[in-house]
Amino acid sequence: MTHSVYWLTNARLESGYCREEGDIVGTETELCHVLVDNGRIAAIVPASGGEPADGLPRLDAAGLLMLPAFKEMHIHIDKTYYSGPWQAVRPVSGIFGRIAEERELLPKLLPTAQERAENMLQMLLGYGSTHVRTHCNIDPVVGLQNLEATVRALAAFEGKLSAEVVAFPQHGLLRSDAVGLVREAMKYGATHVGGVDPSSVDGDIGKSLQTIMDIAAEANAGVDIHIHDRGEAGIATMHRLADLTEDAGWHGRVTASHAFGFAGDGTAAAELAERFAGLGISVTSTVPFGGTIMPIPMMSSKGVRVELGNDSITDHWSPFGTGDCLEKAGRLAELYRFVDERSLEESLGFITGGVTPLNADGLRVWPAVGDAADAVFVRASCSAEAVARRAGREAVLFAGKIVAGALANASVE
């Protein structure tokens, strides 16, 4: 569909909840015609009134469920084995062993970095992610070359997705003396200043975080820091991050990725969550399981914005990862036993920037007139089923254009 104004006909939209004795037991839907005008939703009318008679072009969704497009909020597209030969992870000793391995590996990956990044972006798009925040290595080994490959790959997807790029000093901002390189990266096109473990990697929480915030202020950019440190070090790092966020007036512009310090003492975690919520500091999680279980329900209940990401996709850090954000939402629901209709629908919000089709009262809040025409079309009766069953993606809409899949001859039972 190349028309700037057209009708998206017979799209299945959620319209309310089914209740029994006050409990939500199901989701009601209706077929609607959605008018798309220059990348935004201009009108929504029930399909029961018949086909639009204004002569505008039409694209038939044939009853597929329309959901908000997904956001992949933590991934590394610049250093991956994806679409290349299979390689499992080699045993090393801790994070510093992995960094040492990376110094040898990164130059070898450079010749195919752009191609693999583009292949990964195509995969993410096919799974329904129309926004990607990618972390990109900035270090003395490759300088800005990974960033250059990433920028070229993203340029190839202009008009198909939106993106943010974090200048990520994987080998330590202070430890690898990457401060000057990160400053250059911000001038080259990175949108966020990154960092990694100011305590255990950089060895100086205060200096590391202050340097990150100084660069962010200079570039008027966001901040997204990997914080794997646990226990007191993790909590202290995040409290200091909160202090600097408040001092700089960077409300709503800071993210703690992983934030494993939350997975310790419950009282300390709750106090920190309240600080994060008040300052608009978000947390991005991969929904870890096993030895580390993040208190995501508590954090969310305190008002912390928690978003999800796939992180590594078959690289030298991990052989796993599918790139499917809906799979992440489903894993979250399974891990925390979000098994009822409303909880399953709320799980979708972790991969859509907080957007769900219905609010807690069962009123449709998405899509609405004026919203961006960014959507995913799935084979499911409702969003709860889509999360629980990881519904197949049939088509992806970005700025009013089909950018993955197709709607031709689509149908839902």
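This structure is a prediction, so every number in the text was calculated from the model and none was measured.
- Put simply, the side chain of I24 does not reach to within 4.5 Å of the side chain of D340, judged on heavy atoms.
- Applying the 6.0 Å contact sphere to CZ of F320 captures no more than 12 heavy atoms from other residues, nucleotides or ligands.
- Under the ring-ring contact (aromatic ring centres under 6.0 Å, His included) criterion, H171 pairs with no residue at all, not counting sequence neighbours.
- Under the side chain to side chain donor-acceptor pair (under 3.5 Å) test applied with T112, the options E115, Q114, R116 reduce to a single match, R116.
- Crowding of F289 atom CZ: a count of heavy atoms from other residues, nucleotides or ligands under 6.0 Å not exceeding 12.
- Taking the six-membered ring for Trp and thresholds of 30 and 60 degrees, F260 and H228 have ring planes inclined between 30 and 60 degrees apart.
- Counting only distance, with no hydrogens or angles, the side chain of H33 and the backbone of L8 share no donor-acceptor pair below 3.5 Å.
- Side-chain rings of F350 and F338 stay apart, their centers remaining 6.0 Å or farther from each other.
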task = Could you walk me through whether D78 and T150 pass the side chain to side chain donor-acceptor pair (under 3.5 Å) test, one step at a time?
result = CA-CA 6 Å; D78 67 311; T150 296; 5.1 Å; no
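- When the options V378, L125, L64 are evaluated for a side chain to side chain contact (heavy atoms under 4.5 Å, CB included) with R393, the one that passes is V378.
- The shortest heavy-atom contact between C325 and E72 is SG-OE1, 3.7 Å.
- Of all non-hydrogen atoms in L181 and P140, the two that sit nearest each other are CD1-N, 3.8 Å.
- For the residue pair E345 and Y17, a side-chain donor N or O sits within less than 3.5 Å of a side-chain acceptor on the partner.
- A side-chain donor-acceptor contact under 3.5 Å links R305 to the backbone of G353.
- In summary, the side chains of W7 and E51 do not present any donor paired with an acceptor at a separation below 3.5 Å, with no hydrogens or angles considered.
- Under the 4.0 Å criterion applied to side-chain N and carboxylate O atoms, R175 and D139 are not assigned as salt-bridge partners.
- Across all non-hydrogen atoms, the minimal contact from V196 to V201 is O-CB, 3.7 Å.
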task = List the steps and the verdict of side chain to side chain contact (heavy atoms under 4.5 Å, CB included) for D197 and I95.
result = CA-CA 11 Å; D197 296 332; I95 187 172; 4.1 Å; yes
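- Using a 4.0 Å cut-off between charged side-chain N and carboxylate O, K187 and E184 make no salt bridge.
- Looking at heavy atoms from C-beta onward, N310 lies out of side-chain contact with D324 at the 4.5 angstrom threshold.
- Counting heavy atoms from C-beta on, the side chains of M73 and T255 never come closer than 4.5 Å.
- Below 30°, between 30° and 60°, or above 60°: for H74 and H76 the angle between ring planes is above 60°, a perpendicular geometry.
- A salt bridge links R342 to E346: at least one charged side-chain nitrogen sits closer than 4.0 Å to a carboxylate oxygen.
- For R364, the CZ atom is densely surrounded, since the number of other residues' heavy atoms within 6.0 Å is greater than 12.
- Salt bridge status for R183 with E218: present, with a side-chain N to carboxylate O gap under 4.0 Å.
- Judged purely by atom type and a 3.5 angstrom limit, S199 has no side-chain atom pairing as donor or acceptor with the backbone of I205.
- Using modelled atom types, one finds a donor on one side chain and an acceptor on the other under 3.5 Å when comparing E14 with S383.
- The closest side-chain heavy-atom distance from L161 to V403 is not below 4.5 Å.
- Of all heavy-atom pairs between L279 and A242, the closest is CD1-O, 3.3 Å.
- You'll find the side chain of L209 reaches within 4.5 Å of the side chain of I225, heavy atoms only.
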request  = Could you please spell out the steps behind the ring pair (Phe, Tyr, Trp, His ring centres under 6.0 Å) verdict for F276 and F262?
outcome  = CA-CA 11 Å; F276 270 33; F262 275 104; 5.5 Å; yes
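- T80 contributes no side-chain N or O that, together with a main-chain N or O of D315, makes up a donor-acceptor pair within less than 3.5 Å.
- In this structure, a donor-acceptor pair under 3.5 Å is absent between the side chains of R133 and T284.
- The closest side-chain heavy-atom distance from D311 to S318 is not below 4.5 Å.
- The two residues T356 and G349 make their nearest non-hydrogen contact at CG2-N, 3.8 Å.
- Between L407 and D60 there is no side-chain heavy-atom pair separated by less than 4.5 Å.
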task = Please test L35 against L56 for side chain to side chain contact (heavy atoms under 4.5 Å, CB included), starting from the C-alpha separation and ending with a verdict.
result = CA-CA 9 Å; L35 181 63; L56 289 173; 3.8 Å; yes
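- For the pair R230 and T292, the minimum side-chain heavy-atom distance is below 4.5 Å.
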key: F398 and H131: CA distance, side-chain angles, deciding distance, side chain to side chain contact (heavy atoms under 4.5 Å, CB included) verdict   = CA-CA 9 Å; F398 177 69; H131 181 80; over 6 Å; no
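- A salt bridge links E334 with R390: the distance from a Lys NZ or Arg NE/NH1/NH2 to an Asp or Glu carboxylate oxygen falls below 4.0 Å.
- W86 contributes no side-chain N or O that, together with a main-chain N or O of Y81, makes up a donor-acceptor pair within less than 3.5 Å.
- Looking at R379, its side chain never comes within 3.5 Å of a backbone N or O of A391 through a donor-acceptor pair.
- Of the possible donor and acceptor atoms, none in the side chain of Y127 sits under 3.5 Å from a partner among the backbone N and O of F70.
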request  = Output, in order, the C-alpha distance, side-chain angles, deciding distance and verdict of side chain to side chain contact (heavy atoms under 4.5 Å, CB included) for I281 and V304.
outcome  = CA-CA 7 Å; I281 301 175; V304 178; over 6 Å; no
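- Between P169 and A178, the shortest heavy-atom contact is CB-CB, 4.2 Å.
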